[in-house]
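Please read the structure below before turning to the comments.
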Amino acid sequence: MATIKLSVVSPDRLVYENDIAMLIVRSTGGELGILPRHAPLVTGLIPHAMRIKLPGEAAEHLLAVGGGFMEVTPEKIAVMVSAAEEPEEIDVLRAQRSLARAKERIAAFGKGAANDATDIDMERARLSLMRAVARLKATGNDVDA
């Protein structure tokens, strides 16, 4: 089976590196599936649970990633993100609290309770929600966002 080299790096470390069969990511333009010998591509990534398919395995490996960029060549995939976490590194309780706080902020902005809220405040709350959802999905938890 053909494979492609995947490297996921954050500012402080190499988070994941392996030869994989397929990568499924959420880009700024939508969901993408990357296979070996993919056409060259550069795209932005949004916070999500990246899905990694290993050769000969039916199960997917999940990796929570923050926003960033991905560069694809026919031989390799380089993912550069603000943060990335393996499922076993994620504090589920903390992610659940983060999700609840983000939902509360977004609801308050929607009700006009936060009159001083700016577009930046709303965007921060939305991104916080997306990061919490990514972390929870990477750990296998169902999330209602």
Side-chain angles (χ1 to χ4, degrees), residues 1-110 114 117-145:
M1 170 179 255
T3 62
I4 188 168
K5 177 72 130 194
L6 170 64
S7 297
V8 179
V9 295
S10 68
D12 57 336
R13 67 187 176 120
L14 173 65
V15 179
Y16 184 89
E17 189 168 56
N18 205 352
D19 291 324
I20 66 167
M22 182 178 191
L23 176 66
I24 301 167
V25 297
R26 300 265 330 262
S27 77
T28 53
E31 192 167 81
L32 296 171
I34 309 296
L35 294 167
R37 296 183 292 281
H38 194 283
L41 167 74
V42 174
T43 187
L45 298 176
I46 61 174
H48 69 288
M50 188 165 53
R51 296 165 38 204
I52 302 166
K53 295 188 178 201
L54 297 171
E57 292 186 21
E60 295 177 339
H61 178 77
L62 298 174
L63 190 67
V65 296
F69 295 92
M70 176 178 69
E71 178 185 23
V72 178
T73 66
E75 302 83 30
K76 69 176 183 167
I77 306 167
V79 176
M80 294 136 303
V81 290
S82 58
E85 296 169 287
E86 294 274 2
E88 59 273 7
E89 299 171 328
I90 297 169
D91 181 338
V92 175
L93 186 57
R94 182 174 172 232
Q96 289 170 335
R97 287 192 306 257
S98 241
L99 178 69
R101 273 192 315 273
K103 284 182 175 181
E104 287 172 11
R105 285 187 196 123
I106 290 169
F109 294 152
T118 65
D119 289 341
I120 292 172
D121 294 328
M122 183 62 170
E123 184 64 10
R124 284 182 182 157
R126 190 182 68 78
L127 288 171
S128 179
L129 178 79
M130 291 171 70
R131 286 189 300 269
V133 167
R135 286 182 178 114
L136 291 170
K137 283 188 177 183
T139 60
N141 286 282
D142 287 330
V143 182
D144 181 33

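Along the sequence shown, residues are numbered consecutively beginning with 1. Quick note: numbers below take in every heavy atom, side chains included, and nothing from hydrogens, waters or symmetry partners.
- Two residues are said to be in side-chain contact when any heavy atoms from C-beta on lie closer than 4.5 Å; Arg51 and Glu31 meet this criterion.
- Considering only heavy atoms from C-beta on, Met22 stays 4.5 Å or farther from Ile34 through its side chain.
- Exactly one of Arg135, Arg94, Arg131 qualifies for a salt bridge (Lys or Arg N to Asp or Glu O under 4.0 Å) with Glu85. That residue is Arg135.
- Atom CG in Leu32 sits 6.5 Å away from atom CG in Leu41 (nearest 0.5 Å).
- A distance of 7.0 Å separates OG in Ser27 from CG in Leu45, rounded to the nearest 0.5 Å.
- Taking 4.0 Å as the cut-off between side-chain N and carboxylate O, Lys5 and Glu75 do not count as a salt-bridged pair.
- Within the 4.5 Å cutoff, the side chain of Glu17 has no heavy atoms near those of the Leu6 side chain.
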Problem set entry | Steps toward side chain to side chain donor-acceptor pair (under 3.5 Å) verdict (Glu86, His61) | CA-CA 9 Å; Glu86 294 274 2; His61 178 77; 2.7 Å; yes
Exercise. Does the side-chain contact (heavy atoms from CB on, under 4.5 Å) test come out yes or no for Val133 and Leu99, once each step is laid out?
Worked result: CA-CA 7 Å; Val133 167; Leu99 178 69; 3.7 Å; yes
For this session: Run the numbers on Leu62 and Thr139 for side-chain contact (heavy atoms from CB on, under 4.5 Å), then give the verdict.
Result: CA-CA 8 Å; Leu62 298 174; Thr139 60; over 6 Å; no
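- The existence of a salt bridge linking Arg97 and Glu104 is excluded, since no basic side-chain nitrogen approaches an acidic carboxylate oxygen closer than 4.0 Å.
- Considering all non-hydrogen atoms of both residues, Ala138 and Ile90 come closest at CB-CD1, 3.9 Å.
- Using a 4.5 Å cut-off on side-chain heavy atoms (C-beta onward), Val9 and Val79 make no contact.
- When atom types are taken as modelled, the side chain of His48 and the backbone of Ile46 share a donor-acceptor pair closer than 3.5 angstrom.
- The minimum heavy-atom distance linking Pro47 with Gly67 is given by the pair CG-N, 3.8 Å.
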Exercise. Given Asp19 and Ile4, is the side-chain contact (heavy atoms from CB on, under 4.5 Å) satisfied, shown in steps?
Worked result: CA-CA 5 Å; Asp19 291 324; Ile4 188 168; over 6 Å; no
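- Looking at Met70 and Val81, their side chains never come closer than 4.5 Å, going by heavy atoms from C-beta outward.
- Smallest separation of non-hydrogen atoms from Pro11 and Ser82: CD-O, 3.3 Å.
- Of all non-hydrogen atoms in Ser7 and Leu14, the two that sit nearest each other are CB-CD1, 4.4 Å.
- Nearest approach of Pro36 to Ala21, heavy atoms of both residues: CD-O, 3.2 Å.
- Classification of Glu60 and Lys53 as a salt-bridged pair holds, one side-chain N sitting under 4.0 Å from a carboxylate O.
- The side-chain heavy atoms of Ile20 and Ile77, taken from C-beta on, include a pair separated by under 4.5 Å.
- A donor and an acceptor atom, one from each side chain of Ser10 and Arg13, are nowhere located under 3.5 Å apart.
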